[in-house]
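What follows is one structure encoded as structure tokens, with my remarks underneath.
As the structure is a prediction and not an experimental result, all values here were calculated from the model.
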Amino acid sequence: MNVILCEYVDKNEYDAGNKARSDVMRIADRLGYRHIILFRSGAPKIQVLFQLVRGCLNAILRTGRNENIFIQYPYYPPVVNKLLFKTLGLGKKIKGFKMILLLHDVLGLRNDKLMTKEGQDFLMAEVNQMMIFDNIICHNEKMKECLCRLVPSDKYRILGPFDYLYSGNPVSCAKGMPWKIIVAGNLEKEKCGYIYKLPILENIVFELYGSRYLEKNNENSNVVYNGSFPPEELIKHLDGHFGLVWDGDSCDTNTGVYGQYLRYNNPHKFSLYIAAGIPLIVWSQSALADCVRENHLGICIESLKDLKNILDRITLDSYEAMVRAVGEYRKDVIAGNHLKLVLNSME
């Protein structure tokens, strides 16, 4: 029997990370995977460890030779990952099942010490730890290339953009001027500091949606805060021409830990915008820029200060062509086909 180990979280948490993980579980369920609860998010650490061991033993007992145990990574607190890997690795030797790892994040790549020896050693240890798995599902070619440079292997599989299960219709993209640029997700200053420095550009308004926004710290006249909504409800509240995928403290380029992480990461907000049917604006050096270019899903920019010049050149026909391209691409995203394809390829 194929199983997926999952962390239980409250459904009312306004966190896109929970949406990504719950969608993975729903897609795996459609493919016949059984869910085994590992632990409850937010439980005291001693309870987490007890529940974790119980969940691992349950999975080991119920999984036969050449069947799969499927895990999403990372879990929090981080101690969970080491204990989980060691326990399942021992069970694998005894029972002969296979193991699949889906990377939501690679902690060593999202590290302010990445370019130091200490950071590289941390990343190397993290990737080596993954080698007990038979298949490692990473986000894109850039992430795969990075992991392969550290630990060459034929275990890496590419997911592509995360799926975003959604049964509703796409939004009606904004009409007329000004251009409305949507910024959705975690708006805390550490991750999204650039929103407090956005340039005031003629005919451009930034529409913000998400939690942890310090509205009193932002006096920009072209910024509108629209509140925070659960992931399942957010799409119907979105109103704009483009969805922006940008992180860090600067409008000139993507800076800091979160900004540079876009070189390897497929942010879940990318999939949110696709599910909503909204074209994208992404950093030209991000891992997802190639996907945007190849599928005509929006525009790639080097700096947010270039937005006016770029948008001034977009015609109604070219914008509507982007909307149509997104409409085609969203069919696979909202149906869960990216994960289905990669999991089915492992059988």
Side-chain angles (χ1 to χ4, degrees), residues 1-43 48 51-52 54-76 80-81 84-85 87-88 91-92 95 97-105 130 133-139 157-168 230-235 266 268 270-272 274-276 329-347:
M1 178 183 68
N2 293 333
V3 302
I4 178 169
L5 299 181
C6 48
E7 170 187 3
Y8 175 77
V9 296
D10 291 327
K11 291 183 179 180
N12 62 349
E13 293 183 17
Y14 291 14
D15 188 336
N18 293 343
K19 167 66 173 166
R21 288 176 180 265
S22 65
D23 279 354
V24 167
M25 288 187 284
R26 289 166 64 189
I27 295 164
D29 182 66
R30 295 173 184 177
L31 295 176
Y33 282 73
R34 294 286 301 277
H35 298 177
I36 293 179
I37 302 295
L38 274 176
F39 60 94
R40 181 187 175 92
S41 173
V48 166
Q51 293 167 1
L52 176 71
R54 183 179 60 187
C56 283
L57 292 176
N58 189 13
I60 290 169
L61 290 172
R62 296 173 67 178
T63 309
R65 181 170 296 276
N66 294 323
E67 294 178 330
N68 293 299
I69 290 183
F70 179 21
I71 302 160
Q72 302 187 68
Y73 175 88
Y75 291 103
Y76 297 99
V80 166
N81 302 299
L84 178 63
F85 287 10
T87 305
L88 291 179
K92 178 184 176 183
K95 294 289 295 289
F97 51 73
K98 296 179 180 179
M99 297 202 300
I100 302 169
L101 186 69
L102 171 63
L103 304 178
H104 284 278
D105 284 303
M130 300 174 187
F133 290 85
D134 299 278
N135 292 282
I136 302 167
I137 305 174
C138 54
H139 295 191
R157 305 286 182 266
I158 293 177
L159 174 66
F162 278 92
D163 297 304
Y164 197 106
L165 298 183
Y166 184 65
S167 58
E232 298 292 348
E233 299 178 15
L234 175 57
I235 287 179
N266 287 357
H268 199 242
F270 179 97
S271 303
L272 163 69
I274 294 292
Y329 197 82
R330 79 183 287 271
K331 293 176 183 178
D332 284 330
V333 170
I334 65 174
N337 287 342
H338 290 120
L339 184 57
K340 287 179 189 174
L341 182 64
V342 72
L343 287 178
N344 285 336
S345 72
M346 298 173 192
E347 294 181 353

Using a 6.0 Å cut-off, check whether atom CZ of Arg34 has over 12 heavy atoms from anything other than its own residue. no
Side chains of Thr63 and Lys98: closer than 4.5 Å at any heavy-atom pair? no
Measure across Ala59 and Leu5 and return the closest heavy-atom pair with its distance rounded to 0.1 Å. CB-CD2, 3.6 Å
pair Leu159-His139: side-chain heavy atoms closer than 4.5 Å: no
Can you check whether Leu272 reaches Ile235 side chain to side chain, under 4.5 Å on heavy atoms? yes
Hey, could you give me the CG/CD1 distance between Leu339 and Ile27, rounded to the nearest 0.5 Å? 5.0 Å
If you round to the nearest 0.5 Å, how far is CG of Leu38 from CG of Leu84? 6.0 Å
Please identify which of these residues, Ile136, Val342, Ile137, meets the side-chain contact (heavy atoms from CB on, under 4.5 Å) condition with Leu102. Ile137
Taking the six-membered ring of Tyr75 (Phe, Tyr or Trp), confirm whether the NZ or CZ of Arg21 is under 6.0 Å from its centre and within 45° of its axis. yes
Show the nearest heavy-atom pair for residues Ile71 and Leu88, with the distance to one decimal. CD1-CD1, 3.2 Å
Which is it for Ile69 and Lys95 under the side-chain contact (heavy atoms from CB on, under 4.5 Å) test, yes or no, and what are the steps along the way? CA-CA 12 Å; Ile69 290 183; Lys95 294 289 295 289; over 6 Å; no
Worked check of side-chain contact (heavy atoms from CB on, under 4.5 Å) between Val24 and Ile4: CA-CA 9 Å; Val24 167; Ile4 178 169; 4.0 Å; yes
Taking side chain as C-beta onward, heavy atoms only, is Phe97 less than 4.5 Å from Ile60? yes
May I ask you to test the Asp23-Lys19 pair for a side-chain heavy-atom distance under 4.5 Å? yes
Please round to the nearest 0.5 Å and tell me the distance separating atom OH of Tyr164 and atom CZ of Arg330. 11.5 Å
Nearest 0.5 angstrom please: Phe85 CZ to Met99 CE, how far? 8.0 Å
If I compare all heavy atoms of His338 with all of Pro161, which pair ends up nearest, and what's the gap? ND1-O, 3.2 Å
Separation of Asn2 CG from Arg62 CZ (nearest 0.5 Å): 12.0 Å
Stepwise, does the side-chain contact (heavy atoms from CB on, under 4.5 Å) test hold for Arg157 with Ile100? CA-CA 10 Å; Arg157 305 286 182 266; Ile100 302 169; over 6 Å; no
Closest approach of Met25 and His35, non-hydrogen atoms and distance? O-NE2, 3.0 Å
pair Leu52-Val80: side-chain heavy atoms closer than 4.5 Å: yes
How far does CD1 of Ile334 sit from OG of Ser271, to the nearest 0.5 angstrom? 12.0 Å
Please tell me if the side chains of Met346 and Asn68 come closer than 4.5 Å, counting only heavy atoms from C-beta onward. no
Can you check whether Phe70 reaches Leu31 side chain to side chain, under 4.5 Å on heavy atoms? no
Assign the ring pair Phe162 / His104 to parallel, tilted or perpendicular, where the plane angle (0 to 90°) is split at 30° and 60°. parallel
For Ile36 and Gly55 the tightest heavy-atom approach is CG2-O, 3.8 Å
Over all atoms of both residues, closest heavy-atom pair of Thr87 and Cys56: CG2-CB, 3.7 Å
